[in-house]
S.K.: 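Handing you a structure now.
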There are 2 protein chains.
Amino acid sequence: MFDASPLTQARPLSPRDGDVAHLPALNGPVATFSAGSEIYAQGDRAGTLYQVAFGVVRVYRLLADGRRQICAFHMVGDVFGFEAGIARHVFADAVTTTGLRTIRPSSDADLSRELYRLAMQSLGHAHDHLLTVGRNDAAGRVAAFLLEMADRQGTHGEQTGRAQINLPMSRTDIADYLGLTIETVSRVLTRLKEARILRLTSSRELQVLRWDALEDLTA
Amino acid sequence: MFDASPLTQARPLSPRDGDVAHLPALNGPVATFSAGSEIYAQGDRAGTLYQVAFGVVRVYRLLADGRRQICAFHMVGDVFGFEAGIARHVFADAVTTTGLRTIRPSSDADLSRELYRLAMQSLGHAHDHLLTVGRNDAAGRVAAFLLEMADRQGTHGEQTGRAQINLPMSRTDIADYLGLTIETVSRVLTRLKEARILRLTSSRELQVLRWDALEDLTA
DNA sequence: CGACTACTTGAAAAGAGTCAATTCACGTGG
DNA sequence: CCACGTGAATTGACTCTTTTCAAGTAGTCG
């Protein structure tokens, strides 16, 4: 046991828990995907892994009627594309113009260990996200999302001046990530603005005025 | 592409996609856990994996105020305990009296491949479950849960006579798995009974009368 | 038989979704 | 340079689902 209390709430796994700088793919060629273009689809043959060189990727599942659940957004450094079987169970496409390096899992032992660790991080993120979606109300989910984005942009906790968060994705993407509607996401952001917890610089950019208030919402 | 349409809805990964009969742990000693007893806690040192010999295990995360999100139920044959880092991020305990074999990840290449595959199956399940919780209403979630349980008990689709499903876990467990309250779970089951989609044999046992109706609810 | 826990049911309240109407930002063409 | 058109985001009014709170019932174990 590292933790005194079994009730301790763990913060979501920070994406930078995983330093992937030493992955061999870093030297490989970068393929560019324009915003909205498909990287792979459900049903495609699995196997290839990708590392984000720049841009943002969304990984999601679809229901027959078009409802979508985004499982994760992947940003610079992230590795994604892990699958259990021979076929993809999810879709992946570029949110913004995105550069990807491909990784072909080799038999190299160290690399495998590293990839295994990264895959387990994906699992950890999925569990965190499940908690967010399953056990928070709309405000809590949006707050959790903003904290995650801040974490990934390294701006979390910056009390001094620029606590700017950039949202590369649309409200629809955010809603589909959080299991909400775009209207609800929009309303929550407006309420957070009115409560002086956020300042909405533009629709895709905002400042956090009170981190503690955001964290309280995810309680 | 194996699939014609990118909009095809994939059924949740069946747990028996993964035949784990050849895992070496199958010959190891079985440790018994009584109902409700802890297998590991958040913060514990990670590393050990477990395979269920008999019984049921729940893996979950807790919030500070006691809210709980069950990530998965593990049944006979399932392997669980995968973690990204040195410490556990989730709790695991026995739902019923449960027997577990421990697996210590070795350097054995084939075993590692197999474990990697099982870990990725956990990831796949997490994604499926996220879709269920994020994009279905109460009835849809309960239906998805029942279909999952039926799948795991091999009773899915048995039109003939015994389409019996056993629920080893309490309503509270089901609610915490689906992100609902126990009252809502109970009400949905009652409605499904009144709609002659289910027959409630007892509070922990039921028969499915119309599989198609259940599947429609998860649409 | 009585006490405890799990489950069910009901009524009221809160939260999120739906539908519809603007507003806003941005790129195009006159 | 400005008017226009397009798609994204916001806002409002209303509906409906789910939660909450409060009883009540059923099963189980001593």
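A note on names: the letters A, B, ... follow the listed sequences, proteins ahead of strands, and every chain is numbered from 1.
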S.K.: Hey, does the side chain of A:Thr184 come within less than 4.0 Å of C:dG17's phosphate (OP1/OP2), counting only N and O?
M.R.: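 Looking at the OP1 and OP2 atoms of C:dG17, one of them is under 4.0 Å from a side-chain N or O of A:Thr184.
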S.K.: Do the side-chain N or O atoms of B:Thr181 get closer than 4.0 angstrom to the phosphate oxygens (OP1, OP2) of D:dT19?
M.R.: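 So the side chain of B:Thr181 is within the cut-off, an N or O lying under 4.0 Å from OP1 or OP2 of D:dT19.
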S.K.: Which listed nucleotide (D:dT11, D:dT20, D:dT19) is nearest to the side chain of B:Glu183?
M.R.: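 Among D:dT11, D:dT20, D:dT19, the one nearest the side chain of B:Glu183 is D:dT20.
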S.K.: Confirm from the modelled atom types if B:Arg187 and C:dG10 form a donor-acceptor pair under 3.5 Å, side chain to base only.
M.R.: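 Indeed there is one.
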S.K.: Give the rounded distance in Å between these two atoms: CG of A:Leu206 and P of D:dA9.
M.R.: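 In whole Å, D:dA9 P and A:Leu206 CG are 13 Å from each other.
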S.K.: Choose from D:dA8, C:dT8, D:dT10 the nucleotide whose nearest atom is closest to any side-chain atom of B:Arg171.
M.R.: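 Of D:dA8, C:dT8, D:dT10, C:dT8 is nearest to the side chain of B:Arg171.
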S.K.: So, A:Tyr60 versus A:Asp93: side-chain donor-acceptor pair below 3.5 Å or not?
M.R.: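 On atom types as modelled, these side chains qualify, holding a pair under 3.5 Å.
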S.K.: What is the distance from CG of B:Leu200 to P of D:dA26, rounded to the nearest Å?
M.R.: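 To the nearest whole Å, that distance equals 15 Å.
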S.K.: Would you say A:Glu83 and A:His89 are linked by a side-chain donor-acceptor pair, where the criterion is simply a distance under 3.5 Å?
M.R.: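 Looking only at side-chain atoms, A:Glu83 and A:His89 do form a donor-acceptor pair, the distance falling under 3.5 Å.
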S.K.: When you measure from the side chain of A:Leu180, which nucleotide among C:dG17, C:dT9, D:dT10 comes out closest?
M.R.: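 Selected nucleotide (nearest to the side chain): C:dG17.
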S.K.: Could you tell me the separation between the CE atom of B:Met169 and the P atom of C:dC7, rounded to a whole number of Å?
M.R.: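 In whole Å, C:dC7 P and B:Met169 CE are 11 Å from each other.
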S.K.: B:Ile182 has a side chain; which of C:dT8, D:dT18, D:dA9 sits nearest to it?
M.R.: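 Ranking C:dT8, D:dT18, D:dA9 by closest atom to the B:Ile182 side chain puts C:dT8 first.
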S.K.: Taking atom P of C:dC24 as reference, at what distance in whole Å does atom NZ of A:Lys193 sit?
M.R.: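 For the pair A:Lys193 NZ and C:dC24 P, the rounded distance is 10 Å.
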S.K.: May I have the distance from A:Glu205 (atom CD) to C:dC26 (atom P), rounded to whole angstrom?
M.R.: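 Rounded to the whole Å, the gap is 11 Å.
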S.K.: Between A:Asp137 (CG) and C:dG17 (C1'), how many Å, whole number?
M.R.: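 In whole Å, C:dG17 C1' lies 15 Å from A:Asp137 CG.
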S.K.: What is the distance, to the nearest angstrom, from the CZ atom on B:Arg67 to the P atom on D:dT19?
M.R.: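 In whole Å, D:dT19 P lies 12 Å from B:Arg67 CZ.
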S.K.: Return the 5'-most residue of the pair A:Arg191, A:Ser203 with respect to DNA chain C, ranking by each residue's nearest nucleotide.
M.R.: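 Whichever sits nearer the 5' end wins; that is A:Arg191.
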S.K.: Would you call the rings of A:His129 and A:Tyr177 parallel, tilted or perpendicular, taking 30° and 60° as the class edges?
M.R.: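 Aromatic pair A:His129/A:Tyr177 classed parallel.
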S.K.: So which nucleotide from D:dT18, D:dT19, C:dG17 ends up closest to the side chain of B:Ala138?
M.R.: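 Between D:dT18, D:dT19, C:dG17, the one nearest the side chain of B:Ala138 would be D:dT18.
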S.K.: Quick one: does any side-chain atom of B:Arg141 pair with a main-chain N or O of B:Leu178 as donor and acceptor, under 3.5 Å?
M.R.: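 Such a contact is found between B:Arg141 side chain and B:Leu178 backbone.
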S.K.: Contact class for B:Thr190 (heavy atom, under 4.0 Å): base, sugar-phosphate, or nothing?
M.R.: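 Sugar-phosphate, no base atom in range.
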S.K.: Nearest whole Å is fine: how far is C:dG17 P from A:Asp176 CG?
M.R.: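 It works out to 11 Å between those atoms.
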S.K.: Might you work through the ring pair (Phe, Tyr, Trp, His ring centres under 6.0 Å) test for B:Tyr40 and B:Phe91, ending with a clear yes or no?
M.R.: CA-CA 6 Å; B:Tyr40 53 75; B:Phe91 296 85; 8.7 Å; no
S.K.: What's the closest nucleotide to the A:Arg204 side chain, out of D:dA8, D:dT18, C:dC7?
M.R.: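 In terms of side-chain proximity for A:Arg204, the closest of D:dA8, D:dT18, C:dC7 is D:dA8.
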